[in-house]
**Q** 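Please see the structure below; I have some questions.
Along the sequence shown, residues are numbered consecutively beginning with 1.
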Amino acid sequence: MRNIRTARAHRFCAFALACTLLWPILARAQESNPEIPPAQAVLAHNGMVVAQEARAARIGADILQKGGNAVDAAVAVGFAMAVTYPRAGNIGGGGFMLIHLANGDDSSIDYRETAPARINAKSFLDAQGNADPQKSRDSALAIGVPGTVAGLALAEERYGSGHFTLAELMAPAIAMARDGITFGDDRAEALPNERLRLARWPATRKIFFKSDGSPLSPGDRFVQSDLADTLEVIAREGPVGFYEGTIADEIAAAVQAAGGVMTAEDLHDYRAIERKPVRGTYRGYDIVSMPPPSSGGVELIEMLNILEGYELATADPAEELHLLVEAMKRAYADRTLFLGDPDKVQNPVERLTSKDYAALWRATINLARATPAGAIRAGGQAQDEGRNTTHFSVVDHFGNAVANTYTLNFSYGVGLVAEGTGVLLNNELDDFAAKPESPNAYGLLGAEANEPAPGKRPLSSMTPTIVLKDGKPFLITGSPGGSRIITTVLQIVVDVIDRGMDIASAVSAPRIHNQWMPDQVYAEPGLAPELIDALQARGDTVVPTRPFTSANSIMITPKGIIGAADPRTRGGLAAGQ
Ligand code: GLY
């Protein structure tokens, strides 16, 4: 049982052969989804930053080396990735930072984007009253008021060590934007696919494309002078320099010129919010995660509570996988109906995360048969998410830990850089339920709790999570992946706690995903064929999927701090101190 995921990976070749012979659909998927290489474990004793972009990870580790705490390092990484990893790192989007302090306190900073004041329940509908994905995904109407600058600044103000100014933490980001960096392979690889969305906006074209219209290539110098100027203003004046005055005016003007409704007042009114994390327990560990407006923490705890009723460590692997899928279906059904911006709607967090509620769900699980999603609730379609979000994990030698996930929603957001600012803007408002029966880009359904409204935050799946053992950080994790974020974090936790996996193995183990609707189990390459057969035999439909989540994680062991960058995405680094 313990080595089942490793065994799954080792059996990949046999799996591929079997699939070629027996299962043409899956065999085809494997041709385009190469095996996930093993993650590298990096051991350190004084601190660790694991991020999707190596320069940013080193910048964070350098802050730790200079005596900074995990929050200082996370803030430096957050600003750095806005420069070095523009497809998801950002100051034009938003996210969530989960913080565990050495004194035992936990907190979270919600810097999710908000809907401008002129957005309402009909904003993303067409003339017939149907959901119009073009409006919610591919137009300036989709742009939420960015939260990252306020969120990183609030985290630093409340929980930074006090030894660094914001300007000092931002200095490496400013220098990289001003002087330029070498454009990396992984970024260059993504750009041609994004050409249509990005090159239509002159301010974006100027940054990511050459004068002949071709996208930047590997090795090209990537200079972002306007972004450097914007970061300098923030460094000098603090968030007020972003949310008021010239930069706010320029962002609002650019959004309106592109057909959106954001105003300078919307930016002025934006606030990052400190929230009490959602907490649960799992087999004696404390689970600390992100509360609404992310659904991540609630769903994670709900699934873990359901699974706690089974002896997963000794279960038959096929049965264990079946139980994971059944727990996923039920938690995602609840997400659809119950969750939304807690400042606008009631979220039944206590009930959904209670052990009693999990017991009710457990009573509906049949060990021998998959429950059809339709028997749980009604549904929609799923779509892939690329590497559109990004997660980094940080620990310092004081005992503080940070899990941070932030995003522009799609890769490069809506693709619009606000002229004169260098700020690439999000299309986060597609995370609202434009209409209850219409899925968002990740196939997620929603209800009234998540309908668009002025000033409201769209429901997210981001799940920055810290697992505590005896009150001390044990596991720091999270991932990009849209709706798949939560099930990725679930599997990391189960792999480590139930299967006793080391963090590098847990990070690279093949994953499955089910989100209730559509009624399908997505399986990454490398999953043992007998397990897939077993899921199908119970009545699940298994669909191969690309491996595109990226759980950059840290585990604290008696040997030291071990970091593992997820091998599914190139360019990540575990930078130890
Ligand atoms: N934009 C993806 C999420 O927040 O879940």
**Q** Do D498 and R283 pass the salt bridge (Lys or Arg N to Asp or Glu O under 4.0 Å) test, and can you show the C-alpha distance, the side-chain angles, and the key distance before you say yes or no?
**A** CA-CA 9 Å; D498 290 299; R283 304 196 199 281; 2.5 Å; yes
**Q** Please confirm whether the backbone N or O of V542 pairs with a side-chain atom of Q536, one donor and one acceptor, at under 3.5 Å?
**A**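 Pair found, side chain donor or acceptor close to backbone of V542.
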**Q** Considering only NZ, NE, NH1 and NH2 on the basic side and carboxylate oxygens on the acidic side, decide whether R568 and D566 come within less than 4.0 Å.
**A**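 The answer is yes: the pair qualifies as a salt bridge.
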**Q** If we ignore angles and hydrogens, is there a donor and acceptor under 3.5 Å between the side chains of E274 and Y159?
**A**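 Their side chains do contain a donor-acceptor pair, which is all the 3.5 Å distance test asks for.
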**Q** Side chains of Q52 and T390: is there a donor and an acceptor less than 3.5 Å apart?
**A**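 Short answer, no.
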**Q** Which atoms form the tightest heavy-atom contact between P452 and A433, and what is the distance?
**A**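 Shortest heavy-atom contact: CD-O, 3.4 Å.
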**Q** Compare all side-chain heavy atoms of L323 with those of L312 and state whether any distance is below 4.5 angstrom.
**A**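 Yes; the side chains approach each other to less than 4.5 Å.
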**Q** For K329, is there an ion pair with D334 - N to carboxylate O distance below 4.0 angstrom?
**A**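 Not counted as a salt bridge, because no side-chain N and carboxylate O are separated by less than 4.0 Å.
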**Q** Compare all side-chain heavy atoms of Y111 with those of L154 and state whether any distance is below 4.5 angstrom.
**A**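 They are not in side-chain contact.
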**Q** Check whether NZ of the Lys or CZ of the Arg R484 lies under 6.0 Å from the centre of the six-membered ring of Y522 and within 45 degrees of that ring's axis.
**A**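 Relative to the ring axis of Y522, which defines the angle, R484 lies inside both limits.
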**Q** Between E311 (side chain) and A313 (backbone), is there a donor-acceptor pair under 3.5 Å?
**A**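 No, the answer is negative, given that no donor and acceptor are paired below the 3.5 Å cut-off.
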**Q** Between D341 and K456, is the salt bridge (Lys or Arg N to Asp or Glu O under 4.0 Å) condition met? List the steps.
**A** CA-CA 6 Å; D341 182 347; K456 192 172 175 183; over 6 Å; no
**Q** Please give me the minimum heavy-atom distance between E524 and A509, naming the atom from each residue.
**A**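 Minimum heavy-atom contact is OE1-O, 4.1 Å.
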**Q** For N552 versus V50, what's the shortest heavy-atom pair and its separation?
**A**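 Smallest heavy-atom distance, with atoms named: CB-CG1, 3.5 Å.
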**Q** Look up atom OG1 in T463 and atom CD1 in I486, then write down how far apart they are to the nearest 0.5 Å.
**A**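 Reported to 0.5 Å precision, the distance equals 4.5 Å.
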**Q** Could you report the tightest heavy-atom contact between N450 and L339, atom names first, then the distance?
**A**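 Answer, listing the atom of N450 first, then L339: CB-O, 3.8 Å.
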**Q** Between R511 and T487, is there a side-chain donor-acceptor contact under 3.5 Å, judged purely by atom types and distance?
**A**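 No, because no side-chain N or O of T487 sits under 3.5 Å from a partner of the opposite role on R511.
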**Q** Is N440 close to D431 at the side-chain level, that is, under 4.5 Å between some pair of heavy atoms?
**A**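 They are in contact (side-chain heavy atoms under 4.5 Å apart), so the answer is yes.
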**Q** Tell me the closest heavy-atom pair linking I301 and G280, and the distance in Å.
**A**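 Heavy atoms only, the tightest pair is CD1-N, 3.4 Å.
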**Q** Just wondering, do L468 and V288 contact through their side chains at under 4.5 Å, heavy atoms?
**A**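 Yes, their side chains come closer than 4.5 Å.
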**Q** Under a 4.5 Å cut-off applied to non-hydrogen side-chain atoms, are L445 and E437 in contact?
**A**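 No, too far: nothing below the 4.5 Å cut-off.
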**Q** Tell me yes or no: between the side chains of Y243 and D266, is some donor less than 3.5 Å from an acceptor?
**A**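 No, no side-chain donor-acceptor contact under 3.5 Å.
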**Q** Is there a donor-acceptor contact under 3.5 Å linking the side chains of S461 and R335?
**A**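 Note: S461 and R335 side chains meet the donor-acceptor criterion.
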**Q** So does P458 get a backbone contact from the side chain of E428, meaning a donor-acceptor N/O pair under 3.5 Å?
**A**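 The answer is no, because no donor-acceptor pair under 3.5 Å joins these two groups.
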**Q** Walk me through it: do D110 and K276 pass the test salt bridge (Lys or Arg N to Asp or Glu O under 4.0 Å)?
**A** CA-CA 10 Å; D110 161 8; K276 199 167 151 225; over 6 Å; no
**Q** Can we say R279 and D106 salt-bridge, meaning some charged N sits less than 4.0 Å from an Asp/Glu carboxylate O?
**A**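 D106 and R279: salt-bridged.
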**Q** Tell me, please, which residues at least two apart from N69 pass side-chain hydrogen bond (donor to acceptor under 3.5 Å, both in side chains).
**A**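 side-chain hydrogen bond (donor to acceptor under 3.5 Å, both in side chains) list for N69, sorted by chain: empty.
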**Q** Is the number of heavy atoms from other residues, nucleotides or ligands within 6.0 Å of NZ (K355) greater than 12?
**A**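 Atom NZ in K355 is crowded, with more than 12 foreign heavy atoms closer than 6.0 Å.
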**Q** Does this structure show an ion pair linking R457 with E113, if we count only N-O contacts that are shorter than 4.0 Å?
**A**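 Salt bridge absent between R457 and E113.
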**Q** What pair of heavy atoms forms the shortest contact from E302 to A331, and how long is it?
**A**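 That closest heavy-atom pairing would be OE2-CA, 3.6 Å.
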**Q** Has D286 got a side-chain atom pairing as donor or acceptor with T281's backbone, closer than 3.5 angstrom?
**A**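 Pair absent, no side-chain N/O of D286 close to backbone of T281.
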**Q** Could you tabulate the donor-acceptor pairs under 3.5 Å formed by side-chain atoms of residues 90-99, not counting sequence neighbours?
**A**
| residue | atom | partner | partner atom | Å |
| --- | --- | --- | --- | --- |
| N90 | OD1 | G93 | N | 2.8 |
| N90 | OD1 | T148 | OG1 | 2.5 |
| N90 | ND2 | A88 | O | 3.0 |
| N90 | ND2 | T407 | O | 3.3 |

**Q** Answer with yes or no after comparing the ring centroid distance for Y332 and H513 against a 6.0 Å cut-off, counting only values under it.
**A**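 Yes, the ring of Y332 comes within the 6.0 Å limit of the ring of H513, centre to centre.
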**Q** Are a donor atom and an acceptor atom from the side chains of W361 and N305 found within less than 3.5 Å of each other?
**A**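 There is no such pair between these side chains.
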**Q** Is it true that the side chains of S294 and R112 contain a donor and an acceptor less than 3.5 Å apart?
**A**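 Per modelled atom types, S294 and R112 side chains form no pair under 3.5 Å.
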**Q** Report yes if some heavy atom in the side chain of V395 is under 4.5 Å from a heavy atom in the side chain of I476; otherwise report no.
**A**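 In short, these two side chains touch, coming nearer than 4.5 Å.
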**Q** I'd like to check T371 versus I365 (side-chain heavy atoms, cut-off strictly below 4.5 Å). Are they in contact?
**A**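 No, every pair of side-chain atoms sits at 4.5 Å or beyond.
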**Q** Quick one: are M328 and M303 in side-chain contact, heavy atoms under 4.5 Å?
**A**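 Side chain of M328 against side chain of M303, heavy atoms only: contact under 4.5 Å found.
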**Q** Can you pull out every ring-ring contact (aromatic ring centres under 6.0 Å, His included) where at least one residue sits in residues 271-293? Sequence neighbours excluded, please.
**A**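 Listed once each, the pairs are Y285-F474.
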**Q** List the steps and the verdict of side-chain hydrogen bond (donor to acceptor under 3.5 Å, both in side chains) for N426 and Y406.
**A** CA-CA 11 Å; N426 66 83; Y406 71 157; over 6 Å; no
**Q** Indicate whether the side chain of T389 and that of H391 have a donor and an acceptor atom separated by less than 3.5 Å.
**A**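 No, no side-chain donor-acceptor pair sits under 3.5 Å.
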